[in-house]
**Q** 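Have a look at this one.
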Amino acid sequence: LKGVKTLKNKHEETPFYTKLLSYAKSNVTSHDVPGHKLGKIENEMLEYAGINMFKLDANAPRGLDNLSKPETVIKKSAELMADAFGADKAYFLTGGTTAGIIASIMSVCGANEKIIMPRNVHKSAINALILSGAIPIFINPKIDVELGIANHISKEKYIDAIDNNMDAKAIFIINPTYFGVTTQIDEIINYAHEKNKIVICDEAHGSHFRFSRKLPKSAMSANADITSCSLHKTLGSLTQSSIILIKGKRIDPIRLRSTINMLQSTSPSSLLLASLDVCRKEAYFNANKKITNVINMKKDAINIINKIAGIKAIEKEHFIANGAFDYDETKLIIKVSELGITGFKAYAELFDNYNIQMELAETNIILAVLSIATTWEDLEKLIFGLKKLSEKYYGINKPLKSRIFNLNPISKIRSRVAYHAPFKYVKFKDAKNQIASEMIMIYPPGIPIVIPGELITDEIIKNLRIYRRFGSIVLSDKSGEYIKIIDMDKWERKDEINEI
Ligand SMILES: Cc1ncc(COP(=O)(O)O)c(C=O)c1O
């Protein structure tokens, strides 16, 4: 474990899970919610999952703690979490890092306060702008031409943005990007702090960083003020369970707590909370060794994959040569475009024909997210699937040309103003030069192609069509080739466009 271990002797404990377990075994008479009464309901899911899952799904206003105002076992578990991550304080989330990012931005930035952020942020950060009214200063990410993906932001771009926006309240750093790339987080944070900016991080894909020196630096180790980590993505807690961590004096813990409480259910899942508790214990004692193991397995897999005709596993050196500072070696990016098929096709065929679920696809690549639970057998299955794809396609089609989608967004008005303006739906063909009033993205990765307030260009429409044709899941308000735009005829503020 990187850093000081102040509660070293306590990490064997799982205060919330232990209490929940004894509650589940106590044969309590439940006249509280949930209505399944700890598994006394007839339910086909119960047949598969077993009664114990239902027994652990307890509310227990008396007996367990309250997530909105933790005072006993949740408080103790959160203290251990903070300690394991080198933070001053930890907050448990049952709404994923999505809730964490929105709460972080809303508790730091008020309406009209500026926040410097990459344009390839997750949709939750854009939603936070709509909710808070903060003004984004977007910086465009580095485009990886060979892989056809948007990646990190260089230190120089952050420094420029800070120098040109001295009045900005905060900066936002993705650590790492969906594809595993990080930037010079240390130096950027030091510079931002020198200039009196608050640093908010998105570590949806970085919760495991803290537990191995073979991985990039974690936000807390680099003294970020606040970060959100999806333990469910890379450390093995249940889906939706995440944490917010804070360090130092720049974040007001009371405002943060009340903002988190605005966004979360008043009936948080005890299963999710317990899974965070046991996940922290496991990570504290075993993640280091297991991360080394998965990185070694990945290296062995890459040696085999790179002998398959038309397939290339991308290694750390590629990203460093493209200006990245560091790279998360538990990500496995595989380029398939030399086979003459898109990543989308490979993604679909691996699932449809070989029962292999990849994390995501882009035009040229597919991505596997490996974790401490990945086995060699899982990697062998992937290698088998890739061999089959190579046998089917190599040498038959011409390799695909790299297709670069330059975001180059043209922001006309703030997302919040666009969101509240009168709107209408138009067909793609009529949307050119209109202002978007919705966010559209493919999922995964959930990074918006267009956000409310941006101009809809030919390039955007072309890309949406391509994604639809490739069968990607395009998330937008209305199905079909429709975009929600501001209805200029009904909008009273249209003359102010350049000011808002
Ligand atoms: C970069 C990034 N940030 C934030 C999130 C949201 O995390 P969660 O799924 O825990 O809500 C995601 C989810 O995919 C993501 O990719």
Side-chain angles (χ1 to χ4, degrees), residues 81 85 90-106 115 117-131 136 138-139 141-142 149-153 171-183 185 199-209 216 218-219 224 226-245 260 263-265 268-269 271-273 275-276 279 324 327-328 330-331 333 357-362 365-371 407 439 441-449 451 472-473 475:
M81 188 68 85
F85 279 82
Y91 300 78
F92 285 5
L93 302 170
T94 54
T97 291
T98 297
I101 288 174
I102 299 177
S104 310
I105 294 179
M106 283 179 72
I115 175 165
M117 59 167 60
R119 174 57 183 76
N120 58 333
V121 282
H122 182 253
K123 62 180 281 207
S124 53
I126 306 295
N127 284 330
L129 299 175
I130 295 174
L131 291 167
F138 283 123
I139 18 186
K142 171 95 185 154
I149 56 176
N151 233 328
H152 68 290
I153 304 270
I171 70 164
F172 188 89
I173 302 175
I174 310 169
N175 189 57
T177 66
Y178 215 128
F179 302 104
V181 165
T182 64
T183 184
I185 187 167
V199 181
I200 303 173
C201 289
D202 169 356
E203 288 191 303
H205 297 277
S207 21
H208 52 316
F209 286 3
S218 74
I226 181 164
T227 187
S228 302
C229 306
S230 299
L231 272 66
H232 68 92
K233 286 192 195 294
T234 55
L235 275 179
S237 64
L238 293 180
T239 299
Q240 274 188 11
S241 61
S242 286
I243 53 171
I244 291 182
L245 301 166
I260 294 171
L263 299 166
Q264 298 221 101
S265 167
S269 159
L271 286 168
L272 299 192
L273 299 178
S275 84
L276 284 170
C279 175
Y327 179 62
D328 173 5
T330 67
K331 302 284 184 289
I333 295 181
Q357 183 71 257
M358 300 299 287
E359 171 65 16
L360 66 75
E362 270 292 349
I365 56 134
I366 46 177
L367 166 72
V369 171
L370 311 184
S371 85
L407 282 169
M439 196 170 0
M441 72 214 76
I442 59 164
Y443 191 85
I447 294 163
I449 293 164
I451 65 172
S472 311
I473 302 173
L475 295 185

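By convention here, the first residue in the shown sequence is residue 1. Just so you know, ligand 1 is whichever comes first in the structure, and atom 1 is the first atom listed for that ligand.
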**Q** Name the residues with a heavy atom less than 4.0 Å from ligand 1?
**A** Gly96, Thr97, Thr98, Ile101, His122, Tyr178, Asp202, Ala204, His205, Ser230, His232, Lys233, Ser242
**Q** Treating Asn120 as the side-chain partner and Asn151 as the backbone partner, does any N or O pair qualify as donor plus acceptor under 3.5 Å?
**A** yes
**Q** What closest approach, in Å, do His205 and His208 show between heavy atoms, and which atom pair accounts for it?
**A** O-CE1, 3.1 Å
**Q** So, applying side-chain contact (heavy atoms from CB on, under 4.5 Å) with Thr227, which one of Ser218, Ser207, Cys201 is it?
**A** Cys201
**Q** Sequence neighbours left out, what passes side-chain hydrogen bond (donor to acceptor under 3.5 Å, both in side chains) with Thr183? Give chain and number order.
**A** none
**Q** Find out whether Thr182 and Asp328 are in side-chain contact, i.e. whether some heavy atom of one side chain is under 4.5 Å from a heavy atom of the other.
**A**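 Side-chain contact under 4.5 Å: no.
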**Q** Say whether, by atom type as modelled, one donor and one acceptor occur between the side chain of Ser275 and the main chain of Leu238 under 3.5 angstrom.
**A**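 The answer is yes, because a donor-acceptor pair under 3.5 Å joins these two groups.
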